[in-house]
Q: 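Starting off with a structure, shown below.
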Protein chains: 2
Amino acid sequence: MKIGELARQSGLTAHTIRYYERIGLLPRAGRDRQRQRDYDASILTWIEFLGRLKATGMPIRDMLRYAELRAGGPATEPDRRRLLERHREAVRSQVATLQDCLLVLDGKIAGYAGNEIAGYAGNERTDDHDSSDIEPIHPREHDADRRRHRSGPAGPRPARAR
Amino acid sequence: MKIGELARQSGLTAHTIRYYERIGLLPRAGRDRQRQRDYDASILTWIEFLGRLKATGMPIRDMLRYAELRAGGPATEPDRRRLLERHREAVRSQVATLQDCLLVLDGKIAGYAGNEIAGYAGNERTDDHDSSDIEPIHPREHDADRRRHRSGPAGPRPARAR
DNA sequence: CTACGGGTTCGAGCGCGCTCTAAGTCAAGC
DNA sequence: GCTTGACTTAGAGCGCGCTCGAACCCGTAG
């Protein structure tokens, strides 16, 4: 299978596939006599899984770590497992955050309700008060925010860690 | 309340607060006689809500749209409502995708299970096959991928839209 | 008077994950 | 023989959302 076909089947672009290979997310593909990449269908399984990791917000550098472990053979399985377990926890808390936010959205939308159904606009206070009387929720906690920059053990992210 | 205090209370940095004001996400703050921003505590409610939108993956340009509508007064409530309803759908499908991925992760982790508990490594085929025999799942569908670049009505994102 | 700890503006820079261009090779079809 | 189209490489560029540096201003404490 050539790169174009793989692109079609995987939903990635050929550009992206080459990029993934360059950075090591995909193994270096074998070439045919024309020096073109020649893929085995099994790569699709791996790409599919990468897609899952990506969809769940795993940064590329972590996928890379996993890919490296995988390349390291069976001895690395415990590490791989731990990596995935940690990620699973992250995803679970992500889901929890989203569900939390969904409640807030529901409340907000309910505050706007009827503006169309009934004919009257101006449901008085729905503008600035933001019906977020739903729950206090400590400020500085809407942080289900993966992607910390500059890796170091710097501040957890808020404010003047300088 | 000055910007530093707001930063502390909101969890944003002062830099970010100014940035948000610059782009219009936050209303231009009133200044004291020293020309320094002076905030009312009510801004925290708005920042908190923005945090929710952000946590659920809404791009800034959409938050901006919402902020503009809000500034447009009660007449825009139906629009605001539609905007939030659309976003809520996006979030719901995001949650569904994540839960889907969680199942895959569970399966994968189960495939690695015991490598530590029992003493034997090398649970044979857990390496390249990737126990994603969990379910076929059409490739090209791991796309719970908000953030489309270059806005236009271009291709839905995959492959050579050129 | 001086230092310091805020604040201000403007604009450059960064990390991420692609995305695209340019210039070239090759094989098949007209 | 020539065009077409899919491929190759290296490397530049982009959109997003901040993040930071530089240079400056101000008010208060020592």
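Below, chains carry the letters A, B, ... as their sequence lines are ordered, and counting in each starts from 1. What you see is a predicted model; the values in this text were computed from it and never measured.
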Q: Assign each of R33(A) and Y19(A) to its nearest nucleotide of DNA chain C by heavy atoms, then name whichever residue's nucleotide is nearer the 5' end.
A: Y19(A)
Q: For dC26(C), does OP1 or OP2 lie under 4.0 Å from any side-chain N or O of R35(A)?
A: no
Q: Quick one: which of dT9(D), dG7(C), dC16(D) gets closest to the side chain of R28(A)?
A: dT9(D)
Q: In whole angstrom, what separates L64(A)'s CG from dG15(C)'s C1'?
A: 15 Å
Q: Nearest-Å distance, CG (D32(B)) to C1' (dC25(D))?
A: 13 Å
Q: Mind checking whether F49(A) and Y66(A) have parallel, tilted or perpendicular rings, split at 30° and 60°?
A: tilted
Q: Side chain of K2(A) only, please: which of dA6(D), dG17(D), dC18(C) is the nearest?
A: dA6(D)
Q: For T16(A) and T13(A), does a side-chain donor sit closer than 3.5 Å to a side-chain acceptor?
A: yes
Q: Using whole Å, what does the distance between atom C1' of nucleotide dC18(C) and atom CE of M58(A) come to?
A: 19 Å
Q: D38(A) has an atom CG; how far is it from atom P of dC26(C), in whole Å?
A: 17 Å
Q: How close or far is atom C1' of dC16(C) from atom NZ of K54(A), stated in whole angstroms?
A: 12 Å
Q: What is the nucleic acid contact for I3(B), judged by heavy atoms within less than 4.0 Å: base, sugar-phosphate only, or nothing?
A: sugar-phosphate
Q: Closer to the 5' end of DNA chain D via nearest nucleotide, is it E21(A) or Q36(B)?
A: E21(A)
Q: Is there a side-chain contact between Y20(A) and the phosphate of dG17(C), meaning an N or O under 4.0 Å from OP1 or OP2?
A: no
Q: Could you tell me the separation between the CG atom of D62(A) and the P atom of dC16(C), rounded to a whole number of Å?
A: 10 Å
Q: Checking contacts here: which listed nucleotide (dA6(D), dC18(D), dT9(C)) is nearest the side-chain heavy atoms of R31(B)?
A: dT9(C)
Q: Just to confirm, is there a sub-4.0 Å distance from OP1 or OP2 of dG17(C) to any side-chain nitrogen or oxygen of R22(A)?
A: no
Q: Taking it one step at a time, do D79(B) and R82(B) satisfy salt bridge (Lys or Arg N to Asp or Glu O under 4.0 Å)?
A: CA-CA 5 Å; D79(B) 284 343; R82(B) 272 188 291 275; 2.7 Å; yes
Q: Please report, rounded to the nearest Å, how far the P atom of dC16(C) is from the CG atom of L53(A).
A: 17 Å
Q: For the pair R31(B) (side chain) and A29(B) (backbone), establish whether a donor and an acceptor sit closer than 3.5 Å, ignoring hydrogens and angles.
A: yes
Q: Ignoring the backbone of H15(B), work out which of dG17(D), dT19(C), dC20(D) is nearest its side chain.
A: dC20(D)
Q: Taking side chain as C-beta onward, heavy atoms only, is R70(A) less than 4.5 Å from T76(A)?
A: no
Q: Send over the distance from I23(B) CD1 to dT9(C) C1', rounded to a whole Å.
A: 17 Å
Q: What contact category does R18(A) fall into here, base, sugar-phosphate, or nothing, at under 4.0 angstrom with non-hydrogen atoms?
A: base
